[in-house]
There are 2 protein chains.
Amino acid sequence: MAKIDEVAKLAKVSKGTVSNVFSQKRPTSDEVKERVMTVSRQLNYVPNHIARSLATKKTMAIGLTIPHGSFFFSAFHTQFINGVILEASYYGYRVLLDMIPVQKVKTPFLSSYPIDGAVVMSPTTDDDRINLMHGEQIPFVTVGRVMNTNIHKSFSVDNDNHKIIESICKYLINKGHKDIMFLNANELMTVSIDRKAGFIKAMKDHQLDVEDHMIHHKPALNTSEYMDYGYAETIEILGNQKKKVTAIIADDDRTAFSVLNALKDLNLSVPEDVSLFVICGDLSMMVQSNPSLTSMDLQPSELGAQSVRLLMHQLGVLQGDFSENMIIESKIIERNSCLTIG
Amino acid sequence: MAKIDEVAKLAKVSKGTVSNVFSQKRPTSDEVKERVMTVSRQLNYVPNHIARSLATKKTMAIGLTIPHGSFFFSAFHTQFINGVILEASYYGYRVLLDMIPVQKVKTPFLSSYPIDGAVVMSPTTDDDRINLMHGEQIPFVTVGRVMNTNIHKSFSVDNDNHKIIESICKYLINKGHKDIMFLNANELMTVSIDRKAGFIKAMKDHQLDVEDHMIHHKPALNTSEYMDYGYAETIEILGNQKKKVTAIIADDDRTAFSVLNALKDLNLSVPEDVSLFVICGDLSMMVQSNPSLTSMDLQPSELGAQSVRLLMHQLGVLQGDFSENMIIESKIIERNSCLTIG
DNA sequence: TTGTAAGCGTTATCAA
DNA sequence: TTGATAACGCTTACAA
C-alpha cells in the first residue's frame, strides 16, 4: 500500500493537498486534483482508514448490538438489520456487529470501542449494554424504550407498542372475540412490558377480564422452552386445560409458525376454530400460509433506517431538528386468518 | 478519556511501560503492573483502539460479507453468523458487516478497508467481492468454493456439496423414489453448481434420467419470483404440468415452507403423496412441522467457526498446519417426511 | 489554492 | 525490567 507521502512526492504537491483531494474538505484546483488522482491510481493509493480515524477522531463505524446467545432472527431482526446497514452505508458508515451479552456484565474492555455510536436492539430493563454505552460516553439509540433507572435522557426509535396491541385487540374484539391469548415477547424486553399493559388496558376498556392463561412471555434464549414457544402454550392452554380461546396473537412469525403446528395437532383450523394474528411476520410466510396471515406491519427496515438517522443527528452528521424518541407507524395488514364470530 | 501519558505520569513510569502492562507483550513487574492498573482505573483509562491499530497495523476486526439486497436469512445464515461472531470474539476480533453487492462492481473505496481479513459468504462465479479482496490483498476465506478465473489459490470452508446431494439422492432412491425434484440454490452460487453436478451424477449412477423439470434454481434476490420459490415450482410442475414427482429436495427451510404450502394447496400430503427433504433447516421448524422434516445438517455454526479459524491461521494468530480448503461434515437427520414407496 | 509542521495515542526499537 | 524516542499515516491549523 502506497502512502500519502509517495503520492505527494510523485504528484509534486504537499501531503496536505493530497489529503484534501481525497477528503474534499478544502477546495483544490482541478489541475492538482487530476494530477493527484492519476498518481494515486498508478500507485494504487487509498487513504489509510485507521490513520484517518486517529487524526479525525472518528471511526466512521457504528456498532449494532444484537440479542446475544444462540439466537436466531425473526423477520423483524433481519429487516431491521438490513435497514441499518443500508442507511449507515448511505452516510459512509460501517456497521460493527456486537454481541454484548444481555443481562450479564461484560468483562472490562481491553481497549476502547472503535465506534462512533451504536444501535442497541432489544433493550431490556436495566440493560447492561446500555449502562456500558452510557459509561463509555458512546452515543447510542435504542430500538424500544430504555428502562434503566440511572438513565433519564435517551434516544430511541420504536413503534407505539401500547397502541399496537390495543388496536389489535380492538380489531379482534370487533370481530366478536373475547377469549384472546397473547403470546408476548420476552418478559425482560421493554416492548413486552408496554404490550402487556396495552393488552390489559384494551381488555379492560371492553369490560373483558384478563386471566392468567391469556398472556404468555417468550422464554429466554438458549432455554429448551424457547424453541417450543407458541407450540407448547397452545397445546397446554387449548389442549390440556381446554380453555376457551378464539383468537391468538403471536409476537413474531416464528411463534406463529409454532402456533399453526400446535393447532394442526389439536385438529383446530384457522380461522374457523381459532383466529391468528401475527405481529410483524416475514412477508412470504404471511402470504404463503394457508390461510394467509393477518399481521401488524412494524416496518422494521424503516425502524432500522431511522435509528441510524437519529444516531447521525447525535454525531452531528445530520443537521437540524429531530425528536429524541421517534415513533414509526405500524398498520394492520388484513389477510385471511381472522374471522368474525359470535 | 484519559491517555497513556497521563497514566504514565501519575504512575511514575514511561508510557512504554503502561503500554506493556495493557498489551502484555513484554513482561512487567507485579509492582509496576498494579500501580499502572490502579491509576488507570482512577483515570478510567483504556488504550485507544485506533491508535493501537495504527501502530500495530492490525485492526482486530474481520469483515463478514453477506448476500446483498433485501435479503433475508435462512437458518443457515443465522447460525453461520453466530458461529463467526462467537469464534471471532474468542480471538479478540470484532466483526464488521459488509454488504458489498454480489455481481456488481463497487464504486472505488474512499479509504482503505479497516479489517485484517474477511469471511465471504455465498461466493458466486467470478465474484466481484472476491476480486476486490484479492486486489486489496486482504486475506479472506470463502464459504463455498471460489470460482474466479484469475484466482488460483484460496482458502475456504465448505460442505462436500457434491457428496451431500448424492447421499440425499441415494437415500431417496433407496426408498424407491425415481421422480425427484430438486430445488437448488441460486444458479450463480458455487454451491449450486456442485450440487447440480452431484444430483445429475447420482441419478445417472442409478440409471435415472434427469429431465428439465427436475432441477430448479432459486431466483435472484429482490425479484418477485424469489419470494415464491418453492411454491411456484411445486404448483407448476406437480399441479399444472402434472409431472410425476414423488420426492422434493428443498435447498433451505424457507423453500421447504413454501413447498409445504404448495402441497397443501394441491391437496397432496407429506409424506404419503410426496416426500420432502430439506437441506439445512432451522431445527425448530424441522421438528415442529407435521410431519417433522427429514433434513441434512450442514453444521452452519461449525462452518462459521472454522472459517474464522482458517482466517486466524492466515493472519498468523493461529499457528501450525492447516488445510486450505476445509470440509465440514454433514449428516442426514432422519425424521418423518420421507416415505418408502413402490 | 497550496505548503509546513504539529498533532492524533499508541507500539516498537534500542539502550540502559 | 524499564525509559526515551522514533515511527504509524493521516488531518488540520496556520502561513504563505
Side-chain angles (χ1 to χ4, degrees), chain A residues 1-37 39-40 43-61 92 109-116 136-137 316, chain B residues 1-37 39-40 43-61 92 109-116 136-137 316:
Chain A
M1 283 291 109
K3 23 193 179 180
I4 204 170
D5 307 73
E6 308 174 34
V7 175
K9 194 183 296 175
L10 249 174
K12 299 187 205 309
V13 292
S14 70
K15 16 188 256 183
T17 302
V18 176
S19 173
N20 289 330
V21 168
F22 275 94
S23 69
Q24 305 181 4
K25 293 199 178 175
R26 309 244 163 273
T28 48
S29 69
D30 286 358
E31 187 202 0
V32 165
K33 204 175 295 178
E34 203 173 338
R35 199 138 37 95
V36 168
M37 290 312 288
V39 172
S40 299
L43 272 56
N44 199 21
Y45 169 80
V46 277
N48 181 301
H49 186 269
I50 303 294
R52 177 180 277 179
S53 287
L54 184 57
T56 59
K57 301 189 162 198
K58 285 175 195 240
T59 65
M60 297 307 281
F109 290 117
L110 320 77
S111 79
S112 69
Y113 231 54
I115 55 176
D116 296 335
E136 302 270 325
Q137 311 233 42
Chain B
M1 283 290 109
K3 21 192 181 183
I4 203 170
D5 307 71
E6 309 175 33
V7 175
K9 194 182 296 175
L10 249 173
K12 299 186 204 310
V13 292
S14 71
K15 24 189 245 176
T17 301
V18 176
S19 174
N20 289 331
V21 169
F22 276 93
S23 69
Q24 305 181 5
K25 293 200 176 171
R26 306 248 164 270
T28 47
S29 69
D30 285 358
E31 187 202 359
V32 164
K33 205 175 296 179
E34 202 173 338
R35 197 141 36 95
V36 167
M37 289 312 286
V39 171
S40 299
L43 298 171
N44 200 21
Y45 168 79
V46 276
N48 180 301
H49 186 268
I50 303 294
R52 176 181 278 178
S53 288
L54 183 58
T56 59
K57 298 189 163 199
K58 285 176 195 237
T59 65
M60 297 306 280
F109 290 116
L110 321 77
S111 80
S112 70
Y113 231 55
I115 54 176
D116 297 335
E136 302 268 326
Q137 311 233 43

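Letters go in sequence order (proteins before strands), and every chain restarts at 1. What you see is a predicted model, and the numbers here were worked out from it, not measured in a lab.
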For residues 53-60 of chain B, which side-chain donor-acceptor pairs fall under 3.5 Å, sequence neighbours excluded?
| from | atom 1 | to | atom 2 | distance (Å) |
| --- | --- | --- | --- | --- |
| Ser53(B) | OG | His49(B) | O | 3.1 |
| Ser53(B) | OG | Lys58(B) | O | 3.0 |
| Thr56(B) | OG1 | Arg52(B) | O | 2.8 |
| Thr56(B) | OG1 | Lys58(B) | N | 3.3 |
| Thr59(B) | OG1 | Ala61(B) | N | 3.2 |
| Thr59(B) | OG1 | Ala61(B) | O | 3.4 |
| Thr59(B) | OG1 | Pro114(B) | O | 3.3 |
| Thr59(B) | OG1 | Asp116(B) | N | 3.3 |
| Thr59(B) | OG1 | Asp116(B) | OD1 | 3.0 |

- At under 4.0 Å between heavy atoms, what does Lys33(A) touch on the DNA or RNA strands: base, sugar-phosphate, or nothing? nothing

- Rounded to whole Å, the CZ-C1' distance (Arg35(B) to dT1(D)) equals 12 Å

- Query: Where do Lys15(A) and Ile4(A) come nearest, in terms of heavy atoms and distance?
  - Reply: O-CD1, 3.5 Å

- Query: Going through the checks in order, is the side-chain contact (heavy atoms from CB on, under 4.5 Å) test met by Val36(B) and Lys33(B)?
  - Reply: CA-CA 5 Å; Val36(B) 167; Lys33(B) 205 175 296 179; over 6 Å; no

- For the residue pair Ser14(B) and Ala8(B), what are the closest heavy atoms and their distance? C-CB, 3.8 Å

Protein and nucleotides 8-11 of chain C: nitrogen or oxygen contacts under 3.5 angstrom:
| from | atom 1 | to | atom 2 | distance (Å) |
| --- | --- | --- | --- | --- |
| dG9(C) | OP1 | Lys57(A) | NZ | 3.0 |
| dG9(C) | OP2 | Lys3(B) | NZ | 2.5 |
| dT10(C) | OP1 | Tyr45(B) | OH | 3.3 |
| dT10(C) | OP1 | Asn48(B) | N | 3.2 |
| dT10(C) | OP2 | Ile4(B) | N | 2.8 |
| dT10(C) | O5' | Tyr45(B) | OH | 3.3 |
| dT10(C) | O5' | Asn48(B) | N | 3.3 |
| dT10(C) | O4 | Lys15(B) | NZ | 3.0 |
| dT11(C) | OP1 | Arg52(B) | NE | 2.8 |
| dT11(C) | OP1 | Arg52(B) | NH2 | 3.2 |
| dT11(C) | OP2 | Ser19(B) | OG | 2.1 |
| dT11(C) | O5' | Ser19(B) | OG | 3.3 |

- Query: What is the minimum heavy-atom distance between Tyr45(B) and Lys3(B), and which atoms define it?
  - Reply: CE1-C, 3.6 Å

- Message: For a quick check of understanding: with a heavy-atom distance under 4.0 Å over all strands, which category does Lys58(A) fall into, base, sugar-phosphate or nothing?
- Response: nothing

- Task: Measure across Ile50(B) and Asn48(B) and return the closest heavy-atom pair with its distance rounded to 0.1 Å.
- Result: N-OD1, 2.7 Å

- Item | Phosphate contact (dT2(C) OP1 or OP2) by Thr17(A) side-chain N/O below 4.0 Å | no

